[in-house]
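Keep in mind the model is a prediction, meaning the values are calculated, not measured.
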Amino acid sequence: MTTGRRVMTGVLGALALAVVALATDASEQAGDSGADRRVAAALARIATPPLGLPPVPVPADNPPTPAKVALGRKLFFDRRLSHNGTMSCAMCHIPEQGFTNNELARPVGIEGRSLRRNAPTLLNVAYVERLFHDGREIALETQVIGPLVERSEMGNPSIGHVIARIRSLPDYAGLFERAFGASPSPDRIGQAIASYERTLLSGRSSFDHWYYGGEPSAVGPRAVEGFRLFTGKAGCVSCHTIGARHALFSDGAFHDTGIGYYNAVVRPRQRTPVPVELAPGVIAQLPPEAVESVGDPEAADLGRHEVTLVPADLWKFRTPTLRNVALTAPYMHDGSLRTLPDVVRFYNRGGQPHPGLDPRLRPLGLTETEMAALVEFLEALTGTDVARLIEEAWTPGPPGN
């Protein structure tokens, strides 16, 4: 079965064998170095995803290879791809911070410019069909272009400027030719970075060993109670879905929790002190006038509506995965909820009431004990693969890295 350019389950068996063969050949030809073994392991994850994850969708025109993965990782960490040489993809998607940014609700881009939204994790991004919080991109291969030329992110004046920069750097000589048989171009930059990002697979959590692996002792009784609440009284599973054989903990759809409405309509009217994070964990309450006196005025974030222009999509944002959620604070599209207990309390209150609120949200009536159990269940969704992904990210790979 195929969907557009994506190769789905039926064809992935043959692709998986090809990926393993490519990875094995790469290791053997290079003398089976530690770096090459790591690339081989990354490719093998695509071929055989960790416990709890479904087959990885891979575009027919961009099958993964060792050369693409190595080049994509190099581009991902290269600050020279920003206009002034200070920003890389990894500075918002930090490996040891869950491939997001735990220190800031909304990351800081080039020249200290504040971004509009929280940095979504890249763990298991291979499965996301509509990327960014508003779903404006439909493929990893094209997703990277926006941040490269966005004024507040990497700030380049054009994608052509990025191509010229790469061509001028001696350490990129031959790398695109080795990976693609052709010189740097916008589509090949996207294909390389996407190939690396598809290796960031993390399953094999305590939950997976318990639910899919048949290991009754893999999670404790309070986490089991949290699962019962997650799928029952709390109703979380209606958006954060769980399948019979695997789970992404997201329906991939867009919902209005009320936070976008609150930020755009309620908060500006309140004129209450604005929390400003001066340093990680150091927050000062400043008068709104002081905040408004510096920087650009903050525009309302209309969510999915900015993509579709459909009135019913106002203030809707994509359901994020809950896998590794204990590693990816702060939460919500704007990073306004700093801890998992904060998130559970928000939903226990029924979100932020207003006329467009998703009908699934309602006061839940969870007790403090039940909320603690729910948090413990969410903590059981942390994959055992994350340490390896961090090591692969920071360890030098094949030539040119």
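With hydrogens and angles left out, the side-chain atoms of T308 and D313 include a donor and acceptor closer than 3.5 Å. Counted by atom type alone, T319 and D251 present one or more donor-acceptor pairs between their side chains at under 3.5 Å. Judged purely by distance below 3.5 Å, without hydrogens or angles, the side chains of R188 and S185 pair a donor atom with an acceptor atom. Using a 3.5 Å distance cut-off with no hydrogens or angles, the side chains of N263 and D301 do not pair a donor with an acceptor. Between H354 and D256, the side chains place a donor N or O and an acceptor N or O closer than 3.5 Å (distance only, hydrogens not considered).
Here R345 contributes atom CZ and N348 contributes atom CG; the two are 9.5 Å apart, rounded to the nearest 0.5 Å. To the nearest 0.5 angstrom, I166 atom CD1 is 10.5 Å from S183 atom OG. Separation of atoms CG (L123) and CG (N324) is listed at 5.0 Å; rounding is to 0.5 Å. Interatomic distance, R388 CZ to I390 CD1, rounded to the nearest 0.5 Å: 13.0 Å. To the nearest 0.5 Å, atoms CD1 (I193) and CG (L75) are separated by 5.0 Å.
Salt bridge absent: R113 and E150 never bring a charged side-chain N and a carboxylate O closer than 4.0 Å. By the 4.0 Å N-to-carboxylate-O rule, R228 lies close enough to E225 to be salt-bridged with it. At a threshold of 4.0 Å, the pair K316-D358 does not count as salt-bridged, since none of the basic side-chain nitrogens sits closer than that to a carboxylate oxygen. With respect to E306 and R116, a salt bridge is recorded, a charged nitrogen being found less than 4.0 Å from a carboxylate O. Of the charged side-chain nitrogens involved, at least one lies within less than 4.0 Å of a carboxylate oxygen, so that E370 and K233 count as a salt-bridged pair.
Among the candidates F132, W315, Y262, F317, the single residue satisfying the ring-ring contact (aromatic ring centres under 6.0 Å, His included) test with H333 is F317.
Using a 4.5 Å heavy-atom threshold, the side chains of R222 and F377 count as separate. You'll find the side chain of H83 stays beyond 4.5 Å of the side chain of M154, heavy atoms only. At least one side-chain heavy atom of P64 sits under 4.5 Å from a side-chain heavy atom of V58. L71 places a side-chain heavy atom less than 4.5 Å from the side chain of F176. With a 4.5 Å cut-off on side-chain heavy atoms, L115 and V108 do not count as touching. Considering only heavy atoms from C-beta on, Y127 comes within 4.5 Å of L201 through its side chain. Between V69 and T199, some side-chain heavy-atom pair lies under the 4.5 Å cut-off.
Note on residues 206-220: pairs passing salt bridge (charged side-chain N to carboxylate O under 4.0 Å, His left out), not counting sequence neighbours, are D208-R323.
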Apply side-chain contact (heavy atoms from CB on, under 4.5 Å) to E392 and R45, showing your working.
CA-CA 13 Å; E392 289 176 3; R45 280 195 301 275; 2.7 Å; yes

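Note: Y331 and F346 fail the aromatic proximity criterion, with ring centroids not under 6.0 Å apart.
Figure legend: cation-pi geometry between R318 and F254 absent, as NZ or CZ is not positioned both under 6.0 Å from the six-membered ring centre and within 45° of its axis. A cation-pi contact links K74 to Y172, judged by a cut-off of 6.0 Å to the six-membered ring centre and 45° from its axis.
Residues satisfying the side-chain contact (heavy atoms from CB on, under 4.5 Å) criterion with I94, sequence neighbours excluded, are E96, Q97, N101.
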